[in-house]
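One structure is given below, encoded as structure tokens.
These numbers come from a predicted model, not from an experiment. A, B, ... follow the sequence lines: proteins, then strands. Residue 1 opens every chain.
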Amino acid sequence: MSHELPKTYDPGAIEERWAEYWVKEKLFSVKTPAQNTQQRVFTLLLPPPNVTGRLHMGHMLNQTEMDIIIRWHRMRGDLTLWVPGTDHAGIATQMMVERQLANEGTSRQQLGREAFVKRVWEWREHYGGAILAQMKRLGASVDWDREYFTMDENLSRAVTEVFVRLHEQGLIYRGKYIVNWCPRCMTAISDLEVVHEDYSGKMYQIRYPVWGEPGQFITIATTRPETMLGDTAVAVNPKDERYVRLHGKKLMLPLLEREIPIIADDFADPEFGSGAVKVTPAHDPNDFQAGLRHNLPQINVMDEQARINENGGPYAGLDRYEARERILHDLEQRGLLVGINDHTYAIGKCDRCKTIVEPRLSTQWFVKIKPLADHAIEAVEKGEIVFTPANYAKTYFEWMRNIYDWCISRQLWWGHRIPAWHCVACHEIIVARTTPGKCKCGGTKLEQDPDVLDTWFSSGLLPFTVFGWPEKTRDLEVFYPTSLLITGFDILFFWVARMIMLGCHFMADHPQGSVPFNEVYIHALVRDAERQKMSKTKGNVIDPIEVTEKYGTDAVRFTLASMASPGTDVAFNEARTDGYRAFANKIWNAARFMFMYRDRIAGAKLTDGASEAQLNRLENRWIYSRFHRVTGEVNDSLRSYRFDEAANTVYKFFWGEFCDWYLEIIKPTLSGNEAEAREGLTLLGDIFEGALRLLAPFMPFITEEIWHAMYVDQAPQKSIALARYPELEERRLNDRAEEDMALLQDLIVNVRNLRAEMKVGPRTKTPVRVHASAQVQGLISENRGMIERLASMEGIEFVPQSLANAPGARSTPNFEVALVYERKVDTAAEKERLTKELTKLEAHLASAQKQLGNQHFLSKAPAPVVDGLKKQAAETQVLIEKGRQALASLG
RNA sequence: GGGCGGUUAGCUCAGCCGGUUAGAGCGCCUGCCUUACAAGCAGGAGGUCCACAGUUCGAGUCUGUGACCGCCCA
């Protein structure tokens, strides 16, 4: 087996190969476990992307976080299941296919319902689920054998079952209410699917003549004058003295010249406008309520495309905005339009197509939500579900406590058809699991309700339906509740809240608890580098596949992980990705370094495990200690979903300690005595292999490639993803080694620093003088070779006298060091540097002394803080003295 | 109108339970193609932690007020 790695890291050359391998080998497939399985279980459900969707950065962030957590759990030995799937996405998909039909010069109406639905299925066969293919390429370690689609037969059956049961329990009802109506999609939509926007429009003042009292008017104000065609009253506040004399009288509705009553109702605000308000029960939710209170007729004046219908008299057939113009014109002619002023108000738009929503009276199906919400609130209050970041629980409560019934019917053709049948004879409605044969009245002509269900109705059931509910399956027993949900805050209400409500309701008797997941991790939005929301119209959308091709999947994943700190949005910055590609390249070259020595040293092996004998060397004790400390930190960070911390910790360790220091230190060992070189290389292999496992959840591709290459014959597992994740081993921690190493690094950096300042050429080796305690001298002597090489120097002379005022010297609390070099120090520059440093030190000492002089501090602050400050003050004092001497000696 | 979040280096962001001299990446400056890596190495500059007031022995961190930016809900 050849271990030649190309000189430059080329992600394109390795990633596709491993991505295919993982899928082909079914490495992440999980079979239904046997009855007696004791393994800890970790389950995650992929928030199903729309079947119409293309992968965007938000998905990639979401999936990266999930994959890191999943790979981490799997490597920790859990039975780890990640279930993928897609959502049929009612409106979105229907729109997509309708657009296609329009291009072909036809329409769904011309096709008819059955043919249209068939057409959508065909569309799905050809184009659906592109996103899952992209996920495969990105290496998401999901169980592809369990892939679902929300319209699958079994899932659809479960949807019917849920609908019927809720109906039986009185939690689903049908009725005529004001709903948000999208005139373009020609369907009702839920409150959540309406986005509110400020709109600079006009407010119109219109006079309504008092019936039978010529010359008397009430003036009302409205932003939607066209709805006056449906007015069935005008309301005034009962306490409003201006109108007391008109109570019980009637008005003439202008244009249609209909008689409408004046009603007294608190909802008319005396402070607003004239204090009188028109009441249109069929086209405004507040008016609808008022209409019910006063028994007013409801006159619907618009059809499903928001054109004025036959109730609009002469305006019938006009679009709502044409009608507005005509009505204003006619009112003006009659002298009834008495004012127009600018007015900014909120309008609702359809989330999907941005058409202005029309509140409209129509018959729909609703879920009575309060009983469901109560349990869902309780589950979070009791801590059965924990939110991270915690403040999202507050947002959740806020919404759940002010929740309205959920309109679940949609006037679409693509989706789960409502399992209700209407008897043509007696209009009875029969809700049933299967098509009923006949009605109670004996009628056999039954027509299924034409509506389909809100897409979120079915996705809200997924945590249990993907495991076979309503059957009592073994999967359900083992995998429900899922362990964690990772998702964006944008679907907190759409999806997360609904899953909790439906899970708590339908899984109430589940032995492991009814909640659909025990934890929810909410991540932020991915924005562009300028913090702008990515959008097609702005043209600032970063295509994850494109950046992936440019920098490699591992680099993009690492970027997202390292920027995913909770609470703030991710401003995706390609410069960062470029930096992490460099990191991947660093890992790559460190591996090449290791393989180079394996080829060079006779009989060398990388995977024999570490030799304890090697631990007599400081650098080895140090790197083991560091590795285990870092391992502990990474595990802690992942436990609390601090992907950013985990990524940064592992990055700093690998690059800043392992590569920059350790590899440099061991070079002579590796090219020296053969036996020692062999041992040294084995130890290097041990550390490297551990580091690869530590990195694997973040960068699965490059670690997989190098890991396999480390084994001469065959790796112990089919994938590094199946190896064990590193765990902190206390016995490897070595404070002493870390302190000693820190001191030596400090010495080396100081010498490098002096060399740079005195402009010593890189090839010139300089001797140094060191003044230090006997103990420190011992440490330096033992590691003389390392120090000389890394600091490009030759010869260390220990001197008894202080070097503080020697030219070109550096002082630290542990040692003083000076270069022996004939070139003169740049006196002016050195003076400046010393002065600056002294100022800093003095300020610091002053503040330390002030605190130490404070009795309250001494008595109240914890001992380690006081001792630390004392030690530090003493050291600072010494450094100041040395600095002053040095400054004085410069003249 | 109600609620939530943010403001730290030129840029993008960390900074955990208040505790020693506030960190990283990118960018910038200086010197190096040192046989793993120039996508690199070594060294360096760069901060009134938005403002004010308070709590505290001690505040980037906690509290209040204000300014600015953003988000969600109505």
Side-chain angles (χ1 to χ4, degrees), chain A residues 5 7-9 191-192 194-196 346 348 389 391-392 394-395 397-399 402 489-490 492-493 524-525 527 529-533 551 555 559 562-565 567-597 600 636-637 640 642 644-645 648 651-652 655-656 659-660 663-664 667 671 748-749 752-757 759-763 789-792 833 837 840-841 843-845 847-848 850-862 864-873 875-876 879:
Chain A
L5 298 185
K7 184 169 171 180
T8 306
Y9 158 68
D191 293 340
L192 278 178
V194 178
V195 286
H196 295 270
N391 59 311
Y392 278 107
K394 225 191 257 178
T395 312
F397 287 135
E398 197 67 33
W399 189 70
N402 298 296
F489 64 80
D490 49 329
L492 183 60
F493 306 137
L525 223 64
R527 297 167 172 276
E530 275 75 48
R531 305 204 67 75
Q532 297 289 306
K533 217 169 181 167
Y551 300 101
T559 310
S562 72
M563 300 194 75
S565 38
T568 46
D569 288 343
V570 175
F572 191 88
N573 196 338
E574 253 187 67
R576 286 281 287 257
T577 314
D578 199 30
Y580 292 123
R581 177 181 55 170
F583 179 48
N585 189 52
K586 191 76 183 175
I587 299 168
W588 189 259
N589 278 291
R592 286 183 57 240
F593 171 90
M594 176 174 67
F595 292 134
M596 184 185 84
Y597 283 102
R600 208 177 272 177
D636 285 347
S637 297
S640 48
R642 288 303 304 263
D644 57 329
E645 264 182 19
N648 292 333
Y651 175 95
K652 271 193 251 174
W655 198 324
C659 289
D660 286 349
L663 294 187
E664 291 304 325
K667 275 177 182 174
S671 42
I748 291 163
V749 168
R752 283 172 178 169
N753 200 301
L754 284 169
R755 289 173 54 89
E757 246 160 51
K759 304 207 187 318
V760 182
R763 280 192 196 76
R789 210 166 44 79
L790 297 185
S792 309
R833 187 189 68 79
E837 195 176 301
K840 235 167 98 182
L841 288 171
H844 179 234
L845 182 65
S847 96
K850 193 178 149 204
Q851 273 208 76
L852 287 169
N854 185 328
Q855 276 310 313
H856 295 289
F857 172 69
L858 296 176
S859 58
K860 287 187 182 173
V865 173
V866 176
D867 292 347
L869 193 63
K870 276 184 184 162
K871 188 178 163 213
Q872 187 211 326
E875 282 174 5
T876 309
L879 288 178

Contact under 4.0 Å: [X] side-chain N or O vs [N] OP1/OP2:
| X | N | answer |
| --- | --- | --- |
| A:Arg752 | B:G43 | yes |
| A:Lys586 | B:C41 | yes |
| A:Arg642 | B:G15 | yes |

Problem - Nearest-nucleotide 5' precedence on RNA chain B, A:Ala756 against A:Val194 - result: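 With A:Ala756 and A:Val194 compared, the 5'-side residue is A:Ala756.
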Consider the side chain of [X], meaning its heavy atoms from C-beta on, and name the nucleotide among [options] that approaches it most closely.
| X | options | result |
| --- | --- | --- |
| A:Lys394 | B:U12, B:C4, B:A42 | B:C4 |
| A:Arg581 | B:A39, B:C73, B:G25 | B:A39 |
| A:Phe857 | B:G19, B:A36, B:G25 | B:G19 |
| A:Met563 | B:U12, B:A36, B:G25 | B:U12 |
| A:Ala582 | B:U12, B:G40, B:A36 | B:G40 |

Practice task
Report the distance from atom CG of A:Asp644 to atom C1' of B:C16, rounded to the nearest whole Å.
Solution key: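 Roughly 11 Å, once rounded to whole Å.
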Practice task
Starting at atom CG of A:Leu663, determine the distance to atom C1' of B:G40, rounded to an integer number of angstrom.
Solution key: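 Rounded to whole Å, this separation is 14 Å.
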Problem - Whole-Å C1' distance, B:A59 and B:C49 - result: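 Per the computed distance, 11 Å lies between those C1' atoms.
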Problem - C1' atoms of B:G31 and B:G23, separation to the nearest Å - result: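 After rounding to an integer number of Å, I get 26 Å for this pair.
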Problem - Heavy-atom pair with the smallest gap, counting every atom of A:Ser637 and A:Glu645 - result: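 That would be OG-OE1, 2.9 Å.
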Practice task
Quick one: closest heavy-atom pair of A:Leu858 and A:Leu852, and the distance?
Solution key: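 Heavy atoms of A:Leu858 and A:Leu852 come nearest at CD1-O, 3.4 Å.
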Handout entry: Lys/Arg cation over aromatic A:Tyr597: A:Arg600, 6.0 Å, 45° cone
Key =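 Verdict for A:Tyr597: a cation-pi partner in A:Arg600.
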